Undergrad: 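Please find one structure pasted underneath; my questions will follow.
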Amino acid sequence: MVVASAMKAGFKLSEFLEPWLQPGSPCLWESASIILQLGFLAVLLIGFVKRLIESWCINKTEVKRREMYNTNMKIGMSYKLSLCCSVLLLGTHIMIPLTFKRRSEAHCKLEIPILFSEIMQIVSWVMTLIALYMIPKHKNIDFPWILRTWWLCTFLLTVSRFTLDVQFLVSYHGHPGLLEYIDFIGLVSSTCLLFLAILGKTGIVSANQNPITEPFLDGNQKHLLQEKLECPYGKASIFQLITFSWINPLFVAGNKKPLDQDEVAEVDTMDSASFTSECFDKSLKQCNTDNPSIYKAIYFFTRKKIAINALFAITSAAASYVGPYLISDFVNFLNDKKTRSLTSGYLIVLGFLAAKIVETLTQRQWIFGARQLGLRLRAALISHIYKKGLVLSSRSCQSHTSGEIINLMSVDIQRITDFMWYINTFFMLPIQISLAMFILHINLGPGSFVGLAATIALMSGNIPLTRAQKWYQSKIMEAKDGRMKSTSEVLRNIKTLKLQAWDTHYLQKLEGFRKVEYNWLWKSLKLNAFGAFIFWGAPTFISVLTFGGCALMGIPLTAGRVLSALATFRMLQDPIFNLPDLLNVIAQGKVSADRVASYLQEEEIQSDTVEFVPRCQTEFDVTIENGRFSWDPESGTRNLDEIQLQVKRGMKVAICGTVGSGKSSLLSCVLGEMPKLSGNLKISGTKAYIPQSAWILTGNIRENILFGNAYDKTRYDKTIKACALTKDFELFSTGDLTEIGERGINMSGGQKQRIQIARAVYDNADIYLLDDPFSAVDAHTGTELFQECLLGMLKEKTVLYVTHQVEFLPAADLILVMQNGRIAQSGTFKELLTQNIGFEVLVGAHNQALESVIAVESSSRELEQTVGDEEATLITELEQTRQDSEHNLCTEMSKKEGRLVHEEEREKGSIGKEVYWAYLTLVKGGLLVPFILLAQSSFQLLQIGSNYWMAWACPTDSTEIVTGMGFILLVYTLLAVGSALCILLRASLVAVTGLLTSEKLFNKMLHSVFRSPMAFFDSTPTGRILNRASTDQSVIDLEIANRIGWCAFSTIQLIGTMAVMSQVAWEVFAILIPVTAVCVWYQRYYLPTARELARLAGIERAPILHHFAESLTGAATIRAFQQQDRFIEKNLCLIDNHSRPWFHNVAAIEWLCFRLNQLSNFVFAFSLVLLVTLPEGVIDPSIAGLAVTYGINLNVQQAAVIWNICNAENKMISVERVLQYSKLTSEAPLVIEDSRPSNEWPQNGTISFTNLKIRYADHLPSVLKSITCTFPGKKKVGVVGRTGSGKSTLIQAIFRVVEPTEGFITIDGVDICKIGLHDLRSRLSIIPQDPTMFEGTVRGNLDPLDQYPDVEIWEALDKCQLGDIVRGKEKKLEFPVVEGGENWSVGQRQLFCLGRALLKKSSILVLDEATASIDSATDGILQKIITQEFKDRTIVTIAHRIHTVIDSDLVLVLSDGKIAEYDSPARLLERENSFFSRLIKEYSMRSNFDTK
């Protein structure tokens, strides 16, 4: 009874509503108008009450303050137009009731509803005018959202009314009357208001801004105010979160000018690196194991957010299947219009619209949530990788090179975070398949099981494909690791490669690595193309089998059932198509997660190696009892054995010994860096460490010295003076705020060491560990540092210092002589001299060198005068000449506010057409592009044709008997298979074109970078280059081709859908065209902001990699100074700097997609309403159903076009960045065919400088000033001078690392500027100041070009004192050398460099501080070998040890870039006031002091 009465009531309601819902009596729009107006007025009322309450709560003083600073307002055109249009619309609604009797059939004729509707309209527009009147009063720069919503609804209503007018006039051949003209005026006015609603701006601005507050918004204070912008996401309302309108202020800023980093708001607290890192720590602890699984930790870390995202994803998936479910009902309704009321039709439309709105809202939320989760996981993993890097043991560091770890951070982490996006497919997949089968079962009955079987078969086919893809991905990553490792090493040592003329060889080596990677990429992309063929053909495959099964089972196929099934198959395409992507991402994510897990589980430094003892409990700062230490504990080799050492507080302990004897290892064990096998190591107090190879951070000098400590001016000034840096700072206009380049490239070796020493001295630690820092400074500076620092500011401190300079030993309280990893001797200087065991060998070598100096000096004149006054004079004259010995970049920096390494250059504005054109035409001039478009167009036409055929051929009524169903299915199958083959062709062409293009781009960038001058590498952090070679290149390899392709493919799909829909209801264009215009406007509004955000995200990625690479290099120093927390904090800040633009870019995409989706939903709903409203017989129900089938995806396709264009532009930034580095300024040609020197050149080795001037930029002063002299052939020439006098610049000029500004250099009469660089550099030999070794083998380091037989290599090793050491290794010449030669001491690396020179046997040899890291005894032997081996060759020597140049035939003294003196040593010593004479005196005095 209840059901019956309810049905009866329903029929009565239907009868009442029937007049309102008839196409001939469109009272529907009047009712819709009433509902909208009631909603509008209700919201206005709520807003008025809210404002009233707020006004009561405002403080009176606040009101007064507003009145005080009242400003004149300038009314904009937008505001005036809104008033005019509102007045016009008010007028039209006042006139409509007056023309009631003139209403045509196109208008509703029910008086009460019309009057009620129009009264409501008048009230609404009066309220609108009141609201507009209030806007200038409140100085609103935006129209209120309620007004904008009202204007949008008004536009929809007026469009509907005008469409009905046109339909009536066309159908009844009538003439427009007054009401039609009124409707037209309303349409024009509402269209204007629609555009104002979209624009959102009132155009009201202040005519004059507050003169009191405005100045404070400029300059530095403005910058400081904007430094930390609060995240609007964190305080957004629910409405703002749903619509993403919280990002609107960023769009406003981005459309005014290109965004800068400081204009992008901070990330929310829960998204910050510090918060996510802390959460990940808790997740690791939740695993409750000593070795927690990374998979478990990621699960605990992400589960809550994943659950929320899954809820949205499941809802979205469920809502997406409402459309296919309703299609059959919709076609049936159109077929039975005579017998069914319009109410049911509109209810079906309402169901379609509601489902689409729910689907799009939830889809946007889960996609954004997944990206946000990816951001959090990435921040957590990067911070943990960084923390791990600071505690890696030496052995672990050698097994993981910096290139591999950069790949972990840039590529592997990205793949793991991508998985967070795809994980929602896990939850959606069963829902999608279940609903699809449910809908198919309703329509096709048992035939649905055939579809299910086909779906399962397709998905099962993914398993072998995925396995193969996983294998290819792991191989691609291995190949990428190898390439990045080699690229990183090459960039670090690019100067050595250029000087040795090995750059071509290493370029070919990198090309070889790339070729391996290319082969695996090609195999992977071929598999992807085959996968695309299978899965784009999936709907066809399933539908053919299902329809065939239905035909065999005798299930009638009506148009409604077929269309519903086709729509369902199209929906099934999504999970089937996403499944290979999902499995591919799982494969990639698994490989990457395993790699990260492997790294995070690497061996760490032993925390129990050192026992810290409170200073009040012991008088010894360092105690080692029977210590045994090894770099590789598992091998059983003891690098340090039977170490017994006690160092009292305040003692100065000197450590000496031959190369490789274990001096640096002893310091490492005290630091706790070296694994302990047995014994006890106790430390009392804080430590400061100065490594042998200077470690300088990118930043200014003061930051490097303070190193996290508070600035104390008094202490700081004392430190600067003690470290002899005062004069250096005076040369720089920005003093100690001068920016230092990467690895300190713009500082000389001596300056870097002194900055390092200053860092340690300022730290005010208890124990100081110095690893031979005096070898890089000249004689005078070394003495000054020793006296002022060790014996001055550190006189109360405990100091352990390694030194090869015997003159620094007498001052030590204890001297340790190391030999084969043991302390062979210990005692004071005098005690060791009397023991006659081995120490005298070192001292004897030093004394021999000293005697050679004194002998030369005595032969010229007697040493009578004291040098006190002269030394002071020398300091005054020569210290003023300090410059940069490698590049005079400090002067250049002074012109640029002390900066050398500036912020990374980025393009601004839209991606230039030339970038797209360059990419598309790089392969075969773009010949393949038309074929790709033709293949996609053919696919679209054939697919539409096959669906059209089924809709047309199948009956609309299940009672009709169909003959020839086999023929119908055959035609359908042929068309469908043809479309799938088109996809195979398109996917193959895209893969081929994309990979060939990426290969060309890579090679162009690689060659351009390799041919760049050294100035480029000096001012460009390697992180920037590696970022392009790693992340950007990966995007170009795997993404760009598909992204650009999809711009065209989605456009073709959209055109196809619109064509199908226009066949049914051309009226839809009345709303489709303006909505499309709105979509284009949204895209243009979105792009400027999104483009700059993507660029900023790309730029902010490089500092993370750069900081990590720097931290890895200096990890021992960071640990020694206990600065781990500070560096970890900086890393977190850098991660947040990258997250800010990345997060807002993701939000911006969702902002755009949300708006496009809603617009598409309205277009779809409008078209459905048209189909329902149009009279019966105007359209074929089957074709109308086909239009709906395509229209269901209209919102997706329309959004896809815009999204693909925007996404492609964002991804094209990678192409833009790679192209930037493909057009770098190049060095001179490697070979000039017309000017090649003879094979014997240079025979004599005479080097002539004629009026040589060198400057590093046109606006800078000359570094070398009119140098004119000749180095005679087959002579030994020594070049001396203070640090920064231009010695190294002169050497660089010989190798053409810098080109002469004026003058020229000739070698044996050949102007070196007229021959190729390779011809020049390959004929010269150099042993550089910083010894370089490459990862590989001993043989590969000595003879990388494979030019010499083993006999000659062994001979060279014996001569440079390395033969016995290498023979003692298991693999001899094939013994591995790790990255940077870290498994060899610095001294041994220097000997290897000498071995290269001995092998090369050039006529000219340059020694640049070549023996600075070698003890006196070895140095003496090597000097004899060099003299003997190169006796008939020209030798140019730069040295801080005077005895290495005292036996030269000629000595060149440089001062301030000029020749101060140039003569034989004997003649220079004859003149007492000569620079060289004073250097000799100083060396003699220093070497004899304290030996008595």
Side-chain angles (χ1 to χ4, degrees), residues 273 276-277 280-281 283-284 287 289-299 301 374 377-420 473-489 587-607 632 634 673 675 1023 1026 1030-1031 1034 1101 1104-1116 1118-1119 1124 1127-1128 1131-1132 1134-1135 1335 1378-1380 1382:
T276 55
S277 179
F280 198 77
D281 278 330
S283 301
L284 287 169
C287 296
T289 57
D290 295 333
N291 195 11
S293 162
I294 191 170
Y295 296 103
K296 278 188 179 178
I298 290 173
Y299 164 71
F301 179 75
L377 184 59
R378 181 178 62 219
L381 288 175
I382 289 178
S383 67
H384 274 73
I385 287 173
Y386 182 84
K387 287 177 188 175
K388 184 72 178 184
L390 292 183
V391 294
L392 280 181
S393 68
S394 174
R395 191 167 54 163
S396 299
C397 284
Q398 290 177 12
S399 64
H400 286 278
T401 62
S402 57
E404 287 176 350
I405 299 169
I406 283 168
N407 259 353
L408 281 178
M409 277 195 162
S410 59
V411 179
D412 290 293
I413 297 297
Q414 185 59 48
R415 288 184 170 179
I416 293 170
T417 53
D418 283 345
F419 176 70
M420 288 299 108
Q473 287 302 324
S474 62
K475 288 297 180 184
I476 288 170
M477 289 311 300
E478 282 178 24
K480 193 183 288 291
D481 275 349
R483 175 172 65 83
M484 288 307 299
K485 186 197 303 182
S486 189
T487 304
S488 178
E489 187 174 51
Q588 292 179 2
K590 176 75 166 61
V591 170
S592 293
D594 288 342
R595 282 156 53 86
V596 172
S598 170
Y599 171 78
L600 291 176
Q601 289 166 6
E602 281 290 342
E603 180 186 61
E604 298 181 2
I605 285 176
Q606 294 177 1
S607 57
D632 187 1
E634 292 178 6
E673 297 289 318
L1026 290 174
S1030 177
T1031 309
S1034 187
R1101 191 168 50 227
I1104 299 173
L1105 305 180
H1106 174 63
H1107 176 64
F1108 185 56
E1110 265 190 343
S1111 302
L1112 272 183
T1113 309
I1118 294 169
R1119 288 191 290 266
Q1124 295 98 315
F1127 275 78
I1128 288 168
N1131 179 60
L1132 295 176
L1134 291 173
I1135 293 170
E1335 186 175 9
V1378 302
E1379 187 180 21
E1382 291 295 330

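Residues take their numbers from the sequence shown, with the count starting at 1. Here the structure is a predicted model, which is why all the values come from computation and not from measurement.
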Undergrad: Look at the side chain of E1335 and the backbone N and O of E489, then say whether any donor-acceptor pair between them is shorter than 3.5 Å.
TA: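 Between the backbone of E489 and the side chain of E1335 there is no qualifying donor-acceptor contact (under 3.5 Å).
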
Undergrad: Quick one: pull up CD1 in I382 and CZ in F280 and give me the separation to the nearest 0.5 Å.
TA: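 Result: 12.0 Å between the selected atoms.
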
Undergrad: Just how far is it from atom OG of S293 to atom CD of Q601, taken to the nearest 0.5 Å?
TA: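 Answer rounded to 0.5 Å: 8.0 Å.
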
Undergrad: Using the side chain to side chain donor-acceptor pair (under 3.5 Å) criterion, which residues pair with Q606? Sequence neighbours excluded.
TA: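 Expected list: T609.
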
Undergrad: Give me the atom names and distance for the closest heavy-atom approach of T276 to A379.
TA: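 Heavy-atom minimum between the residues: OG1-CB, 3.6 Å.
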
Undergrad: Go through the structure and list residues passing side chain to side chain donor-acceptor pair (under 3.5 Å) with T1031, not counting sequence neighbours.
TA: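 Partners of T1031 under the side chain to side chain donor-acceptor pair (under 3.5 Å) test: N1027.
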
Undergrad: Would you compute the distance between atom CD1 of I605 and atom CZ of R1119 and round it to the nearest 0.5 angstrom?
TA: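 Answer for the CD1-CZ pair, I605 versus R1119, is 3.0 Å.
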
Undergrad: With a 6.0 Å cut-off (strictly less than), is the heavy-atom count around OH of Y299, excluding the residue itself, greater than 12?
TA: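 12 or below, so no.
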
Undergrad: How long is the gap from NZ on K388 to CG on L408, to the nearest 0.5 Å?
TA: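 K388 NZ to L408 CG: 12.5 Å, rounded to 0.5 Å.
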
Undergrad: With a cut-off of 6.0 Å (strictly less than), are more than 12 heavy atoms of other residues, nucleotides or ligands near NZ of K296?
TA: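 Count not over threshold, so no.
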
Undergrad: Under the side chain to side chain donor-acceptor pair (under 3.5 Å) test, which residues partner K590, sequence neighbours left out?
TA: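 K590: side chain to side chain donor-acceptor pair (under 3.5 Å) contacts with D594.
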
Undergrad: Determine yes or no for a side-chain-to-main-chain donor-acceptor pair under 3.5 angstrom, with S1034 supplying the side chain and S1030 the backbone.
TA: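 Answer holds: no.
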
Undergrad: S1111: which residues meet the side-chain contact (heavy atoms from CB on, under 4.5 Å) condition with it, sequence neighbours left out?
TA: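 Once residues adjacent in sequence are excluded, the partners of S1111 under the side-chain contact (heavy atoms from CB on, under 4.5 Å) criterion are Y386, L390, H1107, I1118, F1127.
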
Undergrad: Among residues at least two apart in sequence or on other chains, which ones pass side chain to side chain donor-acceptor pair (under 3.5 Å) with R595?
TA: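 Once residues adjacent in sequence are excluded, the partners of R595 under the side chain to side chain donor-acceptor pair (under 3.5 Å) criterion are D412, D481.
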
Undergrad: What distance do H384 atom NE2 and I1128 atom CD1 have between them, rounded to the nearest 0.5 Å?
TA: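 It is 9.5 Å, given to the nearest 0.5 Å.
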
Undergrad: Rounded to the nearest 0.5 Å, what's the gap from CG on D281 to NZ on K387? Could you check?
TA: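 Result: 4.5 Å between the selected atoms.
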
Undergrad: Could I get the full list of side-chain contact (heavy atoms from CB on, under 4.5 Å) partners for Q473, not counting sequence neighbours?
TA: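 side-chain contact (heavy atoms from CB on, under 4.5 Å) check on Q473 returns R415, Q469, I476, S524, N584, Q588.
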
Undergrad: I need the minimum non-hydrogen distance between S383 and L1132, along with the two atoms involved.
TA: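 Closest pair (atom of S383, atom of L1132, distance): CB-CD2, 3.7 Å.
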
Undergrad: For the side chain of T417 and the backbone of Q414, is there at least one donor-acceptor N/O pair under 3.5 Å apart?
TA: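 Judged by distance alone, yes, a pair lies under 3.5 Å.
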
Undergrad: Between S486 (side chain only) and R483 (backbone N and O only), is there a donor and an acceptor less than 3.5 Å apart?
TA: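 It does not hold such a pair.
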
